[in-house]
Protein chains: 2
Amino acid sequence: MASVTIYDVAARAAVSIKTVSRVMNNEPNVRPQMRERVLEAAGALGYAPNLSARSLAGSRSFVIAVFVDASLTLDHWRSERGSDYLQRIQLGATVETRAAGYHLLVELVDHDGPRVRQEVGALLAALKPDGVILTPPSCDNEVVLELLDKAGTPYVRLGPEKPEGRGPRVHMDDVAAAREMTDHLIGLGHKRIGFITGDQRYGASQARLEGYVAAMEAGGLTIDKAWIRPGDFTFESAHTAAAALLGLDERPTAIFASSDEMALGALAAAAEAELSCPGDLSVAGFDDSPVSRLSRPQLTTIRQPLVEMSTLATKMLINGVARNAEAGARPRDELIPFTLIHRVSTASPKG
Amino acid sequence: MASVTIYDVAARAAVSIKTVSRVMNNEPNVRPQMRERVLEAAGALGYAPNLSARSLAGSRSFVIAVFVDASLTLDHWRSERGSDYLQRIQLGATVETRAAGYHLLVELVDHDGPRVRQEVGALLAALKPDGVILTPPSCDNEVVLELLDKAGTPYVRLGPEKPEGRGPRVHMDDVAAAREMTDHLIGLGHKRIGFITGDQRYGASQARLEGYVAAMEAGGLTIDKAWIRPGDFTFESAHTAAAALLGLDERPTAIFASSDEMALGALAAAAEAELSCPGDLSVAGFDDSPVSRLSRPQLTTIRQPLVEMSTLATKMLINGVARNAEAGARPRDELIPFTLIHRVSTASPKG
DNA sequence: CTGAAAGCGCTTACAG
DNA sequence: CTGAAAGCGCTTACAG
């Protein structure tokens, strides 16, 4: 079926295509009566402007792209992990792009090796997106940032590690969050608190560890280095780590895992050691992912405002706020607040 | 920065733009030497063909869209459920589109009310996607199918309920899967098997119930209607349903939940009733979602081949297989096999 | 095997 | 407030 074009609408409304264009773009300088006629014709014909033509002729593509790391995504899938990080990021972006008449493109980017430059270069040249949302590690990749700057494509960095003047960012304070959770445990009376780290490929892992260390020090508690065990965000890694912690001569009375999924692994290890939670052992998670509510006891955790972050990032891109890299103007830096969700898995230690 | 166009490449290689076009599209009839020169020039210039221009001038847009229901998605988010259905569908589609040089667009569609026609019509007119992947309930929506047919846009229906001649589909047999799981429980020696249904807005919920009923009947077991309890795919709904089942005078020795998340709810109810799993009670799930491995005991469940399904659907769209609605030719119907994953949560009843 | 011309459906930059 | 012309960067259909 031949599609209906701006010419068909113009003919039916007996106006020029320019007038149709004005109406479709909500431009000023159209008499109400003309606008009415055009709208009527467009409605009757079921007209919708062709995106490709708009993009080619004009300066906007009505497309926002999200860059996601290819190998991390595939890894995540292969290791069958339950994180819904991407899903939440996407939800905010999809809803927001849709509301503004934009479209969301999900692009897998291979950040390892020398292909990045070629791949991202081609992506930007072919797509000409009006904005790009950068998830880790894209948000910290020098080549990606350079290419984006060179192409003049606005972008927002989601949860970046490197702050220094590299474009607008939207993030949360992982250090402060981990610190608050550790303070929560200390406040409950815990002195021996174990910590399970996340996958070191993510900057957040290091930040959360820092927060834990800072809070322990501020609380006057000396960290036994045996209390810090490596994990990689998987249930199994935390299961192993927690089992080791619980096998210590003086075992911790609380375990702070860097993700909810890992907290569940710690819970399983506790059950196997016949320790009740939170009676014998407190367990804290991080993320407030759906799985944090799928255990008994339900997990005390940190709520990451991922949907809010991607919603804001998308808005900035569409409003043009992200573009304001004015001479000397500092790029926007939005810190979104986290929340400690106190559920059932943490309590005061016995005695 | 002004982008590099086909003219720049043609000039540098000292050929016509048509030759550049041929090389970029891997068309025949180009001498190796010419091709070499063009490739060299394109590489040096960092040229990538503009998608909008290709789409406008040619017959392909290099875009595949996935239609996802808006309210179901928002509901899912609000109810904080842990299903990764969409994530898995998207993974297959993203990887496949990328491999073929295509791009994946995620479109939220509002299927309730009268807006569908306008919204989907505008989407197709504006985007002109080369193919559309239809997730439920898009795959069964008459207006969506009609619009797609009228526009001549190839599509694949993922997990549709209505089979009759409405375009190609890729799906799994939920009835057979539920039947196999029920047979598994019967084979273990269970006679009183409780069933928790899924959200009735999804066709799969009804199919799974049917499979359960069919297997019970085939096994010569009479179903007490108190054994079938309503759920909506959430942990809480199953927790309530399972508690009711366990409160029966003659309680079931096994519970088959229509999703993994619900199986975890059943597990929690069992723990509260001080019943061990699988010793006192067997619990089976459905989906093989990541959460099925996050419990102790790990869940026996049905693996849904979602990534395989979306991968195949995308391939069909890109290969043009989905387009073959030749006169009289029956649309492709691909049934992807499921797998019963026997883990720890199911065993023979005591005694 | 190669290329010159026309046109895809819009927006831009101008003119009136 | 409205419109005629040019052009965005490609592919199509055709000629040689």
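Order of the sequence lines sets the chain letters (A, B, ...), proteins ahead of strands, with each chain counted from 1.
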Between P on C/dC1 and CE on B/Met34, what's the gap in Å once rounded to a whole number?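 Answer to the nearest Å: 12 Å.
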
Using only heavy-atom distances, determine whether the side chains of [X] and [Y] contain a donor-acceptor pair under 3.5 Å.
X	Y	answer
A/Gln90	B/Gln90	yes
A/His171	A/Glu334	no
A/Asp69	A/His111	yes
A/Ser55	A/Ser61	no

Do A/Glu146 and A/Arg117 sit within salt-bridge range, that is, some charged N less than 4.0 Å from a carboxylate O? yes

Nucleotide by nucleotide, 5' to 3', does protein get under 4.0 Å of the base (B), only the sugar-phosphate (S), or neither (-) in nucleotides 9-14 of chain C, counting heavy atoms? BBBBB-

How long is the gap from CD1 on A/Ile64 to CG on A/Leu105, to the nearest 0.5 Å?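 Answer rounded to 0.5 Å: 10.0 Å.
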
Where each pair must be Watson-Crick or G-U wobble with both distances under 3.5 Å, what dot-bracket representation of DNA chain D is obtained, with crossing pairs in [ ] and other-strand partners as |? |||.||||||||.|||

One pair to check against side-chain hydrogen bond (donor to acceptor under 3.5 Å, both in side chains): A/Lys128 and A/Thr153. What are the steps and the verdict? CA-CA 8 Å; A/Lys128 303 220 177 291; A/Thr153 305; over 6 Å; no

May I have the step-by-step check of side chain to side chain contact (heavy atoms under 4.5 Å, CB included) for A/Glu40 and A/Arg12, ending in yes or no? CA-CA 9 Å; A/Glu40 188 280 327; A/Arg12 186 183 234 263; 3.3 Å; yes

Please state whether the phosphate of C/dT2, meaning OP1 or OP2, lies under 4.0 angstrom from any side-chain nitrogen or oxygen of B/Ser16.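 No, outside the criterion.
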
